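Below is one structure, written out as structure tokens; the observations come after it.
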Amino acid sequence: MTSITNSMPSRSPRDVEVIYLQMFSDPGEFSGFPEGVYAQRVMYPQPEFIRWLYSVVGGPYYWYERLSWSREQWDDELSEVGSELWVLYVEGTPCGYAQLDTQVIPRSDDEFGSDVELLYFGLMQWVHGRGLGKAFLEYVLTAAWKMSSYHAIPEVQRVWVHTCTLDGPYALKNYCRRGFKEYRREVYHELVCDVPMSSWESMFSR
């Protein structure tokens, strides 16, 4: 029987390389989903739901920074203008998610534009290997570029994302193939879990 614990696994210092990528126009590509697969925007996102998604998707990839967040911290972020949560489903079952966050950036003295960050993106392990990451990323990028049409934000002029050497083995390749271009790399010295948590362990850790 798998035990439930609230404690984090032991951590050790490690160098983590972070790769930043961006695009300045809508690639305009969405190849469609297989039968029974669809994405849906969560119109009333709740902290409990996104924390569950974060844990289940991210536990195996060392996502732990937000496990100690309070409900208020999650709620504050989800309530920001230009924040969106998208969930991927297979036959009605959640299997991945994407979180978008918007920053309004001055472009000149009197003009502003929106930068949309793909804050989190990932699939649950039980659907890995089905090619769903490609289609879901295309779908989410299409949504990101349309955000100014229904949010009170300036026109979207840039979409960006960062990944790192702790992420899934195909993450960087997927981003590049969908039109992102790398523009910076940085190395951070971080305390990282000695072993990644399972999705189950991550749900109950803080």
Side-chain angles (χ1 to χ4, degrees), residues 2-11 14 16 18 20 39-89 93-106 112-125 136-137 139-141 143-144 146-154 156 158-164 166-168 171 186 188-194 196-206:
T2 304
S3 61
I4 296 175
T5 178
N6 290 324
S7 62
M8 292 286 293
S10 59
R11 290 183 282 177
R14 187 188 302 188
V16 178
V18 179
Y20 297 85
Q40 185 172 341
R41 182 184 167 199
V42 181
M43 299 305 294
Y44 303 99
Q46 300 301 306
E48 294 83 358
F49 186 39
I50 193 170
R51 191 193 188 280
W52 176 75
L53 291 167
Y54 176 89
S55 301
V56 175
V57 171
Y61 298 105
Y62 301 91
W63 295 8
Y64 60 87
E65 296 93 339
R66 296 182 171 210
L67 294 178
S68 62
W69 271 26
S70 67
R71 189 181 192 279
E72 290 71 24
Q73 285 176 289
W74 287 106
D75 194 46
D76 287 345
E77 183 174 75
L78 293 169
S79 300
E80 293 176 357
V81 176
S83 173
E84 289 190 357
L85 175 63
W86 289 85
V87 178
L88 185 69
Y89 293 87
T93 306
C95 65
Y97 86 105
Q99 185 180 357
L100 300 173
D101 181 70
T102 303
Q103 304 91 33
V104 175
I105 307 295
F112 295 83
S114 294
D115 283 4
V116 176
E117 180 184 2
L118 180 55
L119 196 59
Y120 287 97
F121 178 88
L123 303 180
M124 298 179 190
Q125 288 186 310
F136 187 36
L137 183 55
Y139 188 94
V140 169
L141 289 175
K146 293 179 178 177
M147 287 176 66
S148 61
S149 65
Y150 52 89
H151 286 288
I153 60 174
V156 177
R158 175 177 174 258
V159 176
W160 69 283
V161 66
H162 72 266
T163 184
C164 74
L166 299 175
D167 212 342
E186 295 178 342
Y188 296 91
H189 198 59
E190 302 281 356
L191 277 176
V192 178
C193 296
D194 293 332
M197 291 182 285
S198 68
S199 296
W200 181 264
E201 291 170 324
S202 183
M203 284 193 300
F204 300 102
S205 296
R206 291 185 59 84

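Remember, it's a predicted structure, so these values are computed and weren't measured experimentally.
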For [X] and [Y], indicate whether the former's side chain and the latter's backbone hold a donor-acceptor pair under 3.5 Å.
X      : Y      : result
Glu117 : Asp115 : no
Ser114 : Pro154 : yes
Ser83  : Ser79  : no

Hey, what do you get for [atom1] ([X]) to [atom2] ([Y]), rounding to the nearest 0.5 Å?
X      : Y      : atom1 : atom2 : value
Trp52  : Ser199 : CH2   : OG    : 9.0 Å
Met43  : Glu84  : CE    : CD    : 8.0 Å
Gln40  : Leu85  : CD    : CG    : 10.5 Å
Thr102 : His151 : OG1   : NE2   : 6.5 Å
Leu67  : Phe204 : CG    : CZ    : 12.0 Å
Trp69  : Asp75  : CH2   : CG    : 11.0 Å

Practice task
Output, in order, the C-alpha distance, side-chain angles, deciding distance and verdict of side-chain contact (heavy atoms from CB on, under 4.5 Å) for Arg51 and Arg71.
Solution key: CA-CA 9 Å; Arg51 191 193 188 280; Arg71 189 181 192 279; over 6 Å; no
Exercise for the section: Could you tell me how the ring of Tyr54 sits relative to the ring of Trp63: parallel (under 30°), tilted (30 to 60°) or perpendicular (over 60°)? Expected result: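 Judged by the thresholds at 30° and 60°, the geometry between Tyr54 and Trp63 is tilted.
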Exercise for the section: Name the orientation class of the two ring planes belonging to Tyr20 and His162 (parallel below 30°, tilted from 30 to 60°, perpendicular beyond 60°). Expected result: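 Answer is tilted, since the angle falls between 30° and 60°.
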Give me the atom names and distance for the closest heavy-atom approach of [X] to [Y].
X      : Y      : answer
Tyr64  : Val192 : OH-CA, 3.6 Å
Leu118 : Ala98  : CD1-CB, 4.1 Å
Pro94  : Met124 : O-SD, 3.4 Å

Exercise for the section: Not counting sequence neighbours, which residues clear side chain to side chain donor-acceptor pair (under 3.5 Å) with Thr163? List them please. Expected result: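 Testing Thr163 for side chain to side chain donor-acceptor pair (under 3.5 Å), a comparison that skips the adjacent residues, returns Asp167.
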Answer whether the closest heavy-atom distance between the side chains of [X] and [Y] falls below 4.5 Å.
X      : Y      : result
Leu166 : Arg14  : yes
Pro45  : Ile50  : no
Leu53  : Gln99  : no
Leu100 : Val159 : no
Val16  : Tyr62  : no
Val161 : Phe121 : no

Exercise for the section: Starting from the C-alpha separation in whole Å, work towards a yes-or-no answer on side-chain contact (heavy atoms from CB on, under 4.5 Å) for Glu80 and Gln103. Expected result: CA-CA 10 Å; Glu80 293 176 357; Gln103 304 91 33; over 6 Å; no
Exercise for the section: Cation-pi check, Arg66 to Trp74: give yes when NZ or CZ is under 6.0 Å from the six-membered ring centre and within 45° of the ring axis, no otherwise. Expected result: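 Verdict for Trp74: a cation-pi partner in Arg66.
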Problem - Residue pair Lys146, Val156: steps toward the side-chain contact (heavy atoms from CB on, under 4.5 Å) verdict - result: CA-CA 8 Å; Lys146 293 179 178 177; Val156 177; over 6 Å; no
Exercise for the section: Give a yes or no on this: more than 12 heavy atoms of other residues, nucleotides or ligands lie within 6.0 Å of atom OH of Tyr150. Expected result: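 Above 12, so yes.
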Handout entry: Carboxylate-amine/guanidinium proximity below 4.0 Å for Glu190 and Arg11
Key =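 No salt bridge links Glu190 with Arg11.
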Handout entry: Derivation of the side-chain contact (heavy atoms from CB on, under 4.5 Å) call for Tyr120 and Val57
Key = CA-CA 10 Å; Tyr120 287 97; Val57 171; over 6 Å; no
